[in-house]
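Note: hydrogens, waters and symmetry copies are ignored here, and every other heavy atom, side chains too, is used.
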Amino acid sequence: MLSLNYATALLFFAAALVAGTLLGWVLFQLRTGTRFVPRERHSEQLTALRQRYRRRLRAVRDVMLRHRATEDDLRRRLQTELARGVAEAKLLDEATAEAGDLRLRVAGLSRTLAEQDEVLCDLRRQEHSLRSELHAALKGLSAFESERAVLRIERDELVARTQRLQALPAAATESADGPAPELATESADRPAGGSLRAELADRDARIHELECALRESDARATSLEQDLHRWKYRIAPLALHLQQKRERAAAGIHLPPVPPPQHDRAGDDLRQIRGIGRGLEKKLRAAGITRFAQIAQMSPAELANLAVRVGVAATRPLRDRWAEQAREQEERSPLAGAG
């Protein structure tokens, strides 16, 4: 009984071992999908798989290298952009500081412009007062001339009367019976010779006083006219400089303030203008003309008046083209280029 059970168990174990072996072989065949793969073919497949793996590995390495190169490029570009941002921030700070300086400069220019406006107003008031004085002097001069003409007429009449009275004694000696009726009538109507001479002397003294006063008035009028022209020539550069500043301020051009030209002793060399020599230059400087700008800004009438004042022909400035030459010299001068 016991031996039968042992043999059955052994048989069952053997059958199970065979069935397991067959099942394992079947499963292996199903997984590999081939039956009886030769060793050479298996080696070829393994070699192809290794080559494919190596190609994929190289492709992955190339992609990694490209990514690293792209990363380095992006890092460099980022550093460049950061440096550019720092430079632009620095430029922005400098521009802000320069804008503050420009605001301060504009404020200074505005104050300077206001001061020069006040100076120009003062100069114009002085010019107006000088014109008023000149007008009054010219009126007094015309009154003096009228009175002098009247006195000269009266003096001529007194001289004629004196000559007639001096001729009376000669006429009386010629007529033994007495003076002629018309001479007697004239001598009766007119005062005596002594009173006529006294009146004539008084008139001469009055005429002399009027002539002295007239000469003084002429000198005063000439001085006032010279002062007026001098003030006018001093106002003209200031007005031009003020107008240029206003035009620059309106155009938004902010330049460092340039001081207006000062009429010092040196001035410009007026002999650079053809037709002006050493003597004429001295006369022009005595008349207050020391700059090319003053001559360049004159009208033809003012140039003719200036020529008469300095003792030359009135047509000489137009003939020699003083104004055009003065403008050319002014453009060549360094001060005109800086302004």
Interatomic spacing from [atom1] in [X] to [atom2] in [Y] - rounded to 0.5 Å:
X	Y	atom1	atom2	answer
E324	I273	CD	CD1	10.5 Å
L57	M64	CG	CE	9.5 Å
D269	T290	CG	OG1	12.0 Å
R105	L109	CZ	CG	8.0 Å
I276	K283	CD1	NZ	12.5 Å
K282	L284	NZ	CG	12.5 Å

Any sub-3.5 Å donor-acceptor pair from D320's side-chain atoms to G275's backbone N or O?
no
Side-chain (Q294) to main-chain (R291) donor-acceptor, under 3.5 angstrom
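Yes, Q294 side chain to R291 backbone: donor-acceptor pair under 3.5 Å.
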What heavy-atom pair brings A314 and A307 nearest, and what distance separates the two atoms?
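That closest heavy-atom pairing would be CA-CB, 4.0 Å.
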Taking all non-hydrogen atoms of both residues, which atom of Q325 and which atom of Q272 are closest, and how far apart?
OE1-O, 4.2 Å
List, by chain and number, the other hydrophobic cluster members for L17, where Ile, Leu, Val, Met, Phe, Trp and Tyr join if side-chain heavy atoms come within less than 4.5 Å, directly or indirectly.
none
Cationic N near anionic O, under 4.0 Å, [X] to [Y]:
X	Y	result
E281	R285	yes
E330	R327	no
R75	D72	yes

Evaluation steps, side-chain contact (heavy atoms from CB on, under 4.5 Å), between R76 and D73:
CA-CA 5 Å; R76 287 193 298 270; D73 189 16; 3.9 Å; yes
Do Q329 and D268 pass the side-chain contact (heavy atoms from CB on, under 4.5 Å) test, and can you show the C-alpha distance, the side-chain angles, and the key distance before you say yes or no?
CA-CA 9 Å; Q329 294 295 333; D268 295 329; over 6 Å; no
Mind checking whether R309 and I289 have side chains closer than 4.5 Å, heavy atoms only?
no
Side chains of W322 and M298, heavy atoms from C-beta outward: is any pair under 4.5 Å?
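The answer is no; the side chains never approach within 4.5 Å.
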Shared hydrophobic cluster, L318 / I295 (ILVMFWY, side-chain heavy atoms < 4.5 Å):
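Hydrophobic grouping puts L318 apart from I295.
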Pair listing, salt bridge (charged side-chain N to carboxylate O under 4.0 Å, His left out) test, anchored in residues 46-69, at least two apart:
none
